[in-house]
Protein chains: 4
Amino acid sequence: MINRVVLVGRLTKDPELRYTPNGVPVTRFTVAVNRTFTNQQGEREADFISCVAWRKQAENLANYMRKGSLVGIDGRIQTSSFEGQDGKRVYMTEVVADSVQFLEPRSAQGQQPYGGQPSYGASQPPYGGTQDPFGVPFPSQPPQNQPNYTRVDEDPFASSKGPIEVSEDDLPF
Amino acid sequence: MINRVVLVGRLTKDPELRYTPNGVPVTRFTVAVNRTFTNQQGEREADFISCVAWRKQAENLANYMRKGSLVGIDGRIQTSSFEGQDGKRVYMTEVVADSVQFLEPRSAQGQQPYGGQPSYGASQPPYGGTQDPFGVPFPSQPPQNQPNYTRVDEDPFASSKGPIEVSEDDLPF
Amino acid sequence: MINRVVLVGRLTKDPELRYTPNGVPVTRFTVAVNRTFTNQQGEREADFISCVAWRKQAENLANYMRKGSLVGIDGRIQTSSFEGQDGKRVYMTEVVADSVQFLEPRSAQGQQPYGGQPSYGASQPPYGGTQDPFGVPFPSQPPQNQPNYTRVDEDPFASSKGPIEVSEDDLPF
Amino acid sequence: MINRVVLVGRLTKDPELRYTPNGVPVTRFTVAVNRTFTNQQGEREADFISCVAWRKQAENLANYMRKGSLVGIDGRIQTSSFEGQDGKRVYMTEVVADSVQFLEPRSAQGQQPYGGQPSYGASQPPYGGTQDPFGVPFPSQPPQNQPNYTRVDEDPFASSKGPIEVSEDDLPF
DNA sequence: TTTT
DNA sequence: TTTT
């Protein structure tokens, strides 16, 4: 059984970091991937692909990426279903990102992490990480004592490759 | 922009061949891909991934594959939206199969193509193709004069790689 | 930076398990992948792709797979160079398998692990693992006290996803 | 049989366009892909992956990309062997690029195609193509009457997906 | 040095 | 609405 996806495209919105009840960081986002061919009207269309990232990847997305950022995703397709508001079963499919690559040139990224609330002039990153999310995993404090982050009830059971670069502190299992 | 998917899994149903108004063969099917890890209850779950194949790939699926068959898919994620019956916009994502590999051992496949209606004892394939769909493209007659095949209104705009191994006869553009 | 490979093909030989000086299991093997197209002489050629697997994957390959077995590989391309016997620099590229899928139907696999030395009639697996390597990681004893396994000097620096399903015992770092 | 590779990395040199005896454009190049993990000395290494592109892709590489350019490759691994100068068989593996994506921001690319011979100040592209190689196939004149381009004896039998976006003029078969 |  |  193999399930592998690679995407390169652009974020359709500023990513928004949330946390599960267990405090695990999670970001849902959409990647727009322009098709390499045109339709019968000669137009270039795009696919808008729902993705989810967990933990460090989620934090990096929220801290460093913005609407329009070019990203590379290596992950797998995940399907699930839940009860809709109207009582009907809703089926959804999304890409779980094992890794997220930041493909913007550094200059386009700004010199500081982006904090969700505009913090462009801030001289300190909101979490105590390094300033370089490009490829090298970097440490960040778990949000244990943050008063009002957003909780997510979704179970954060993540990648087949597991929570490899995460300190054990923020793992709920 | 890159959009690449590789899947290996099993068909959840016998594939059913349809045709667009232009006579282009199309098969929609679901591939069950077992996850390589277990959930917190220790169970192996699966992802049920919607796929679509066109032309020769669609015919091969319908002629040679059945519920439970192991297949390899190389394709791309495609998203689209349409008006639901209740007037609400429905978003869907599916994998467009550029190529479909038949991974069952030959013995498991039977000696003849499968015609949709059980035709196991038939001495002739329903369409005039060769008997070997494994990897080598094989010719098959377009369904021009078949009286009551199923039509599909969906626009058959296909793969970025295009109708490469298809005789020009069955191309609507 | 993205580096992703997916292969489905057949082993050209019985895989042979070796160990690094630190006792880490490693198997090098070649996967023959038939091309989906023919050359100008109308022949189907194949690519013979060098691969390497570490730890549990290496053990599973050696215990359960044989020449001709159909496998799925999810991994990355790795290049390296070393001094050849003639003093010239030799460049090599191989696929590091993050995961190895066993795509043979169970019947084709036999009921017991394969021990390298023909052990078809053996009633016990050579290592104390479960009998099912298909997807679920299974325990096996590290070869600590085995007197004469083969050593490999190659540094076993493994997958980008890391030694996830390995007991810390057999990790050299 | 599946053989799929996706790479995102940087060109190690300015790509150089050549032609087969049949006049088919071909470019060989190396992509440096930084690993996402560090070795035991804490250093980030890279893989240097040999690639080859044909026809339009080859022309685009030569015209628009330079040493250091960020590219995305979607292709397959190809192995081959030939007689070395010392009479010994040499085995080689390279990635055949089905598609090449140009991931540099437009500003980094310059406003004109790059002609191999420094033509930065040139007001006309060397071949009569459009100025935008980003995703949309663009026309270019075949080098029919160019007196002294470089020939390559290698057989240009290309991708499994075939010469889809190539005018029939420059196809040798 | 190659597999079905 | 799911496969082995």
Side-chain angles (χ1 to χ4, degrees), chain A residues 1-3 77-84 88-93, chain B residues 7-16 28-36 43-51 61 65-73 92 94 101-109 132-136, chain C residues 7-16 28-36 43-51 61 65-73 92 94 101-109 132-136, chain D residues 1-3 77-82 88-93:
Chain A
M1 303 296 151
I2 292 178
N3 180 343
I77 296 178
Q78 181 167 270
T79 62
S80 51
S81 71
F82 54 92
E83 195 79 20
K88 282 203 300 193
R89 191 128 285 261
V90 178
Y91 295 90
M92 79 170 228
T93 111
Chain B
L7 304 175
V8 173
R10 295 187 180 278
L11 300 184
T12 61
K13 288 188 178 171
D14 289 359
E16 204 183 330
R28 268 170 223 280
F29 57 103
T30 297
V31 176
V33 184
N34 295 124
R35 296 186 186 160
T36 54
E43 307 151 345
R44 301 287 288 302
E45 294 180 72
D47 295 293
F48 296 94
I49 301 172
S50 298
C51 299
L61 271 162
M65 304 305 284
R66 309 219 35 199
K67 178 177 177 176
S69 295
L70 189 69
V71 295
I73 303 289
M92 78 171 229
E94 63 190 351
Q101 287 296 316
F102 307 83
L103 300 176
E104 294 289 323
R106 300 171 110 76
S107 56
Q109 296 280 121
D132 188 351
F134 299 91
V136 200
Chain C
L7 305 174
V8 173
R10 295 188 179 277
L11 299 184
T12 60
K13 288 188 177 172
D14 289 359
E16 205 184 330
R28 266 171 226 280
F29 57 104
T30 297
V31 176
V33 184
N34 295 125
R35 296 185 186 161
T36 54
E43 306 152 342
R44 301 287 288 303
E45 294 180 71
D47 295 293
F48 296 94
I49 302 171
S50 298
C51 299
L61 272 162
M65 304 304 285
R66 308 219 35 199
K67 179 176 176 176
S69 296
L70 189 68
V71 296
I73 303 289
M92 78 171 230
E94 63 189 351
Q101 288 295 316
F102 307 83
L103 300 177
E104 295 288 324
R106 301 171 107 75
S107 56
Q109 295 280 122
D132 188 352
F134 298 92
V136 202
Chain D
M1 302 296 150
I2 292 178
N3 180 342
I77 295 177
Q78 181 167 270
T79 62
S80 50
S81 71
F82 53 91
K88 283 202 300 192
R89 191 128 286 260
V90 178
Y91 294 89
M92 80 170 228
T93 112

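We name chains A, B, ... by the order of the sequence lines, and we start the count at 1 in each one. Everything quoted here is computed from the prediction, not taken from an experiment.
Taking every side-chain heavy atom of A:Tyr91 into account, F:dT1 is the closest of F:dT3, F:dT1, E:dT2. Listed nucleotides: F:dT2, F:dT3, E:dT3. Nearest to the side chain of B:Asn34: F:dT3. Among E:dT4, F:dT1, F:dT3, the nucleotide with an atom closest to any side-chain atom of A:Arg89 is F:dT1. Listed candidates were F:dT4, F:dT2, E:dT3. Nearest to the side chain of B:Arg10 is F:dT4.
Using a distance-only test at 3.5 Å, with no hydrogens or angles considered, a donor-acceptor pair links the side chain of B:Gln101 to the main chain of D:Met1. Here the side chain of D:Thr79 pairs a donor or acceptor atom with the backbone of C:Phe48 at under 3.5 angstrom.
Put simply, CZ on B:Arg44 is 17 Å from C1' on F:dT2, counting in whole angstrom units. Whole-Å rounding puts the C:Lys13 NZ to E:dT2 P distance at 9 Å. Spacing between atom CE of B:Met65 and atom P of F:dT4 amounts to 12 Å, rounded to whole angstrom units. To the nearest angstrom, C1' of E:dT1 lies 11 Å from NZ of C:Lys67. Computed from coordinates, the C:Ile49 CD1 to E:dT2 C1' distance equals 12 Å when rounded to whole Å. Between A:Ile77 atom CD1 and F:dT2 atom P the separation is 19 Å, expressed in whole Å. The distance from atom CD1 of D:Ile2 to atom P of E:dT4 is 19 Å, rounded to the nearest whole Å. For the pair C:Gln101 CD and F:dT3 P, the interatomic distance rounds to 19 Å; values are reported in whole Å.
Taking C:Asp47 as the reference, C:Arg35 meet the side-chain hydrogen bond (donor to acceptor under 3.5 Å, both in side chains) condition, with sequence neighbours excluded.
Contacts of B:Gly68 with the nucleic acid, taken as non-hydrogen atoms under 4.0 Å apart, involve only primed sugar atoms and P, OP1 or OP2.
The closest side-chain heavy-atom distance from C:Val71 to C:Val31 is below 4.5 Å.
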